[in-house]
Asks: 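A single structure is presented below for examination.
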2 protein chains.
Amino acid sequence: MARSKPPRPRAHLSKDGVLHTAVALASRDGIESLTMRKLSDELGAGAMSLYHYVPNKEELIDGMVDIVFGEIELPSRNIDWKSALRWRAISTRHVLNRHRWAVGLMESRVTPGPASLRLHDAVLGCLREAGFSIEMTIQAYSVQDAYIYGFALQEKTTPFDDAEESAAVAEEQTRQFAELAEERQFASLAEEFPYLAEVVAGHVAKVGYDFATSFEYGLDLILDALEKRRDAS
Amino acid sequence: MARSKPPRPRAHLSKDGVLHTAVALASRDGIESLTMRKLSDELGAGAMSLYHYVPNKEELIDGMVDIVFGEIELPSRNIDWKSALRWRAISTRHVLNRHRWAVGLMESRVTPGPASLRLHDAVLGCLREAGFSIEMTIQAYSVQDAYIYGFALQEKTTPFDDAEESAAVAEEQTRQFAELAEERQFASLAEEFPYLAEVVAGHVAKVGYDFATSFEYGLDLILDALEKRRDAS
DNA sequence: AATCTACCCGTACACTGTACGAATTGCTAG
DNA sequence: CTAGCAATTCGTACAGTGTACGGGTAGATT
């Protein structure tokens, strides 16, 4: 009785709607499973309808990335520069954790969208107003963003979310390596990679590793160092 | 006269050969155009022959990534830790520049290969022997790698290689934005994003931007800050 | 009511990774 | 030297991808 072609009730689309459901889908199922057909299904439309709002998949992703940029909080103008930049960095990490698929794509797109431009401008402005020279502003910007996005990259595919889970994972991986070593005629982890063993099996497995704490440690290290360099010039 | 099926002279393959030509192909044409069929063509073999050496494309890429890890120079044991780590960082940047396709993939693979383990162990060892506590070693490792891979990410898709070219690109992009602003009823770059304009049009277009210099500036900033924190404990 | 324009989408095509199983090669044991 | 076998190569087929093309249909404008 199932008609093979129930005439669709006509979908009503918009560029914003397309982009936002695309983001939602990518964040839920991962970007590698985001398909023009799946996206259009989710919207109750035909696959080719999407092409009225987006010229191709590449530019669809550009749009998605700019939505993610838009979720990052701009550095506040009412507090000191270090706190402001600290907070926007933490905000960036949060957003990137919500949208892991975006991690390798944010900084490496060719054509930046408006939200991206707005954020970049705000960060540069924050540094300039804090008394950094143009040259130092560029450097400061570069270090911070490299760190932020690089850190997100490390976090992207880790199978744990907090310190406790990290300990469990470390233990599990250590065990797996031991198996693998036995299976072949390998040396043990401790013999072949003593320092790695010390850190993974000896420390993380016992104490755990917390990404949030680690991120802020490195962030403060960088911001403090930037301040010193500014004052020295 | 062209036979549609010249019986192939039988390819002689090996896992190493497959992996290395895959790396060469990806580095030349970009990873998005690396196809099982293209790879097998390059090797003078049929597409399905590859699957005798590699279970699937995902693990092929794992292998390729580990080859890239293998090209990174280990930190030397014969010099002070800061110089050693400085050099391995610079070496990493060079390698990643040779293999841009690998940039988002190095740190985010699930199963690390032997070269990756070796490098990680060596870096951790360098820090431990330099007197860092286990906790600080982990932090130091995290900051450095986040910075290195994040920086590589920024470099990944930039269309210039040195300071001169960067100036030309900055000028061109400024011009393009002006066009776009005129086309719609937009405000100009300088009005909408004043700080961005100052940096891009005002500075980079005139002086240029050199990635290598910038990278080392941030790298030294981080290494110096790490040393201070070590000495303070 | 007629026209037009913006929007929607079915079909088709080239290209992807890879499951399956058949063909061939080179080695090893008799 | 031969029989048999295991390792290796690969042709065919299939489901799934992005998207070019062109025909349709709804809603606004005259």
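Below, chains carry the letters A, B, ... as their sequence lines are ordered, and counting in each starts from 1.
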Asks: So that I can tick it off, tell me whether B:R88 and B:D145 are bridged by a salt bridge, with the cut-off set at under 4.0 angstrom between side-chain N and carboxylate O.
Replies: yes
Asks: Over how many whole Å does the gap from A:L43 atom CG to C:dC7 atom P extend?
Replies: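 Result: 15 Å.
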Asks: Between A:D66, A:I67, A:I61, which is the residue that forms a side chain to side chain contact (heavy atoms under 4.5 Å, CB included) with A:L19?
Replies: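 Running side chain to side chain contact (heavy atoms under 4.5 Å, CB included) over A:D66, A:I67, A:I61 with A:L19 returns exactly one hit, A:I67.
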Asks: Classify the ring geometry of A:F177 against A:F193: parallel below 30°, tilted from 30° to 60°, perpendicular beyond 60°.
Replies: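 Correct class here is perpendicular.
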Asks: Could you work out which one of D:dA7, D:dC10, C:dA6 sits closest to the side chain of B:H52?
Replies: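 So the side chain of B:H52 is nearest to D:dA7.
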Asks: What integer distance in Å separates A:I61:CD1 from D:dG18:C1'?
Replies: 11 Å
Asks: Could you run down nucleotides 17-28 of chain C 5' to 3' and tag each one B, S or - for protein heavy-atom contact under 4.0 Å?
Replies: BBBB----S---
Asks: Round to the nearest Å and state the distance from A:E59 atom CD to D:dG18 atom P.
Replies: 15 Å
Asks: Is it true that B:H120 and B:Y141 have ring centroids separated by less than 6.0 Å?
Replies: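 For B:H120 and B:Y141, the ring centres are under 6.0 Å apart.
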Asks: Round to the nearest Å and state the distance from A:L39 atom CG to D:dG16 atom C1'.
Replies: 16 Å
Asks: Are A:R175 and A:E171 close enough for a salt bridge, meaning some N to O gap below 4.0 Å?
Replies: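 No, no charged N to carboxylate O under 4.0 Å.
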Asks: Looking at A:Y147 and A:G218, what are the two nearest heavy atoms and their distance?
Replies: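 So the minimum-distance heavy-atom pair works out to OH-CA, 3.3 Å.
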Asks: Is any side-chain N or O of B:S49 closer than 4.0 Å to OP1 or OP2 of D:dC10?
Replies: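 Yes, B:S49 has a side-chain N/O under 4.0 Å of OP1/OP2 on D:dC10.
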Asks: Between C1' on C:dT16 and CD1 on B:I31, what's the gap in Å once rounded to a whole number?
Replies: 15 Å
